[in-house]
Amino acid sequence: MGVLGFHPMWVLAKRELRSAIYGIGIYLTILLSLIISSVILQNYIKSVGRDQLLITASPLAYPLFIATVVCAVYLALSSVTSIAREKDMQTLEALFYGPVDHATYILSKYLKGVLSYIFIVLFLAAYFTVASTVSNLGLSLKFLGVLLLSLFLSSCVITFGIFVSTLAGSVRTSVLLFLGIAGGLIAFQISHGALVRIEEPSLAAALIYLRNTLAIINAGVKWTSPFHYMNQGMEAVSLGSVGKYVLSGALSMIYSAVALFASVLVLKRKGVRRTTGE
Amino acid sequence: MDLNKLRPMNFRWAEKIFISLILLLIPMALVQAQAPVMEEQMVYRLRLFDGKRHVSSFCPRTEKALYIIADSDNICLPTMTLVYYWPLTRRYKAGLKTLNEPVEGVLEILRGGKVIQELKPRTYTFSHARQWYAGPSEVLLDEKAKERYAQYQQAVENYTDQLKRYYEDRREYRRKMEEFVAKAGEPGNSGRTQEQRKKIPVPERPSLPAAPEFYVEDLDQAYMVNLPAGKYEIRLRSSDGTIVEGSERRLISFTHRRSGKVGYEIASAKRWTMPETSSDPAEIIYLGGKETLYFRPYLEAEYDHLYYSKLLDPQNEGYPELWKWVNIKQIEKGTLQLVKDGKIMASVQEKPYQVQQVPGPELGYRIVDYVKEKFPDRGPSLVGYKVAFEPEKGSFQIRLLDVSGKVMSGSVRELRAIRVGNPIELYLTSVVLPLAVGIPIFIWRRKKLK
């Protein structure tokens with residue numbers, strides 16, 4: 001894709017972004033993510049009320065992480081369905097008769113996803129500002145760091161979705177494949193995160209074996225799961241380490257670049273024509 | 001029904017049940033009495049520095065690596081013993097009471113396959129300040145160990161002499177006291193006036209001598225390992241030049257990720273027996289409302305969770321990629337300040353406190369200042385910096401000043417009182433925000449399309 005390819009990419013991305021903002025789906029997703037955040041925050045406030053004293057680094061980071069995951073999965077899913085549908089309806093083939101090539105197409109989907117997330121971030125920022133003021137939880141610079149970090153997480157999830165959609169043929173297969181893999185990775189991350197925090201004497205023998213197995217799997221999953229990259233960044237924020245924060249952002253961008261490159265390759269290899277028999 | 005006919009029948013049944021039970025219980029008893037299988041093997045008995053004191057552990061053959069804190073003195077003793085598996089704790093145990101034979105030789109430390117140190121056994125001891133079970137410990141070697149041990153022995157001898165003298169003085173005191181009571185309590189016609197009786201000197205009570213303020217363990221022989229951070233191997237070479245079987249291990253010397261920060265143990269007056277810990281300087285202390293808090297500051301360092309767990313117990317599974325803050329030294333002198341918007345709201349010193357049960361069925365208690373004269377037979381229930389916190393909007397800060405009045409590194413924590421009320425505002429915001437923007441745009445778009 002040369003300089004000439006940027007214009008069609010921008011046109012495609014803009015068209016899809018407009019369509020996303022004019023639709024109701026994005027607002028319902030924001031609504032869902034904010035309600036989940038409210039439930040988490042309410043539970044947190046309740047526990048402070050009960051125990052009188054609670055110590056934590058950033059109570060807003062976890063609900064923000066969950067909200068980001070919900071929104072990023074929605075955006076990835078919309079990219080998945082859009083690519084699969086365009087392939088299915090042969091719109092994709094028609095596009096390629098014009099000034100659009102494989103890279104332009106994939107990058108336009110990515111750009112649309114990232115811009116949509118920036119739009120979502122405005123709502124998240126507004127909500128968490130109000131929530132922290134109302135409850136006096138406090139909004140720190142670190143929270144802004146996590147908010148910026150969520151952009152990188154969404155970038156990873158979106159590119160992951162795009163890659164999955166290039167692998168699958170039909171809309172149904174793409175959606176099921178994406179939801180299956182993303183759901184599995186989220187479940188893995190939650191169970192792994194919960195098990196490692198339990199001290200060994202409190203663990204039953206079966207759970208120790210499970211934890212050790214998850215540790216072996218995690219060695220590979222941590223590089224392939226898009227959700228893992230935000231954890232790294234959150235640790236950097238907690239340490240106040242600018243170097244680690246930048247490294248985490250750079251790793252997320254490398255992940256996104258690799259996934260996009262792989263998507264372009266797969267799309268080139270599989271072709272843009274609808275595959276019969278699916 | 002003829003009961004006489006039934007009786008022998010019932011007895012036979014009972015007999016059968018009894019015999020069956022016995023037959024069932026005999027193998028069970030045999031199983032329970034089964035001793036664990038003991039295996040003779042060379043293990044490393046360890047006294048490793050954990051950042052504050054030296055902890056005892058042992059490394060059986062199943063564990064391929066030893067973990068130590070870099071640039072600290074650690075004691076390592078290759079020992080031949082009987083090892084058995086104890087399923088209840090899922091750990092191998094050493095039967096040191098049955099077999100405890102130090103293995104002699106030269107302990108070699110290798111790096112990249114090259115021997116960098118050859119260690120020989122040295123005389124050592126541990127010196128503990130104050131209580132041997134709680135205070136920090138120091139390893140002493142060779143002549144210093146012998147000197148300190150002799151000092152301790154001398155101190156114990158002196159203390160024993162003083163104690164003997166004290167008991168003699170106390171006997172004398174009791175005798176004089178009896179005389180005094182007899183003289184002071186004489187009736188009026190005994191020849192002494194009341195004024196004269198008042199002037200009879202009261203015998204002085206002898207005071208209990210103070211015990212030595214340090215404790216030194218018995219002298220022993222072992223290898224002292226002190227290495228900079230890095231990965232090494234160790235093995236024991238016997239006098240005939242061969243490597244002792246089962247003595248090869250990897251040795252990981254690790255250091256902290258962050259150190260010199262101040263951690264706090266924080267007890268609220270309402271739950272003083274269950275203090276919370278604030279280790280990370282990034283943590284915020286949230287309170288539910290008006291509260292009195294007792295802070296206990298300590299110096300801390302952050303270590304790799306896996307390495308540190310393995311240091312405390314080589315058989316611990318541990319977990320990689322996690323970090324652990326470790327309390328390395330209690331901070332005893334300083335000033336804790338409560339600050340709001342740069343203004344010092346309170347400045348407190350460490351003080352002892354006593355918890356007093358409130359009489360009545362409510363099982364309540366109150367925390368009062370500890371005064372030795374008021375509670376001569378008891379020590380304080382808690383010692384700390386007391387901060388009475390009044391909830392206000394915004395945030396407070398606490399910080400610890402050292403004796404020179406400088407704010408200690410990593411001692412600042414944010415303190416916030418959470419508004420624990422109706423959470424309806426949260427839900428309202430989460431619903432109103434997206435719908436207030438989304439619905440008008442959606443309706444406008446639909447109209448435009450029509």
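Model, not experiment: these values are computed from the prediction.
When each of B/I439, B/L433, B/I285 is checked for heavy-atom pairs under 4.5 Å with chain A, B/L433 comes out on top. Ranked by non-hydrogen atom pairs under 4.5 Å with chain A, the options B/S268, B/P434, B/P281, B/S395 are led by B/P434. Ranked by heavy-atom pairs under 4.5 Å with chain A, the first of B/E302, B/M274, B/R257 is B/R257. When each of A/I24, A/I30, A/I120 is checked for heavy-atom pairs under 4.5 Å with chain B, A/I24 comes out on top. Of the residues considered (A/V130, A/L41, A/L31, A/T29), A/L31 shows the highest number of contacts with chain B, using heavy-atom pairs under 4.5 Å. No other option in A/I45, A/T56, A/I35 has as many heavy-atom pairs under 4.5 Å with chain B as A/T56. The choice from A/S47, A/P59, A/S37 that makes the most heavy-atom pairs within less than 4.5 Å of chain B is A/P59. Of the listed residues A/F123, A/Y22, A/Y44, the one with more heavy-atom pairs under 4.5 angstrom with chain B than any other is A/Y22.
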Could you walk me through whether A/V134 and B/R419 pass side-chain contact (heavy atoms from CB on, under 4.5 Å), step by step?
CA-CA 7 Å; A/V134 163; B/R419 231 193 90 207; 3.9 Å; yes
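Within 6.0 Å of the OH atom in B/Y85, the count of heavy atoms belonging to other residues, nucleotides or ligands exceeds 12. More than 12 non-hydrogen atoms from other residues, nucleotides or ligands lie less than 6.0 angstrom from NZ of A/K222. Atom NZ of B/K351 has 12 or fewer heavy atoms from other residues, nucleotides or ligands within 6.0 Å. Summarising the local packing, NZ of B/K270 is surrounded by more than 12 heavy atoms from other residues, nucleotides or ligands at distances under 6.0 Å.
Looking at B/R446, neither its backbone nor its side chain comes within 4.5 Å of chain A, counting heavy atoms on both sides. In this structure, chain B has a heavy atom under 4.5 Å from the side chain of A/K142, while its backbone stays farther away. For B/R413, no part sits under 4.5 Å from any heavy atom of chain A, backbone or side chain. Of the two parts of B/R445, only the side chain, counted from C-beta on, holds a non-hydrogen atom closer than 4.5 Å to a non-hydrogen atom of chain A.
Side chain of A/Y127 to backbone of B/T429: no donor-acceptor contact under 3.5 angstrom is found. Formation of a donor-acceptor pair under 3.5 Å by the A/N136 side chain with backbone atoms of B/A417 is found in this model.
Once rounded to the nearest 0.5 Å, the distance linking OG of B/S278 with CG of A/L54 reads 12.0 Å.
Scanning all heavy atoms of the two residues, the minimum distance from B/G288 to A/V48 falls at N-CG1, 3.7 Å. A/A57 and B/I284 make their closest contact through O-CD1, 3.7 Å (heavy atoms, listed as atom of the first residue, atom of the second, distance). Closest of all the heavy-atom pairs between A/L53 and B/I266 is CD2-O, 3.8 Å.
Put simply, the residue from B/I424, B/L426, B/V431 that forms a side-chain contact (heavy atoms from CB on, under 4.5 Å) with A/S38 is B/L426.
You'll find the side chain of B/Y264 stays beyond 4.5 Å of the side chain of A/I55, heavy atoms only.
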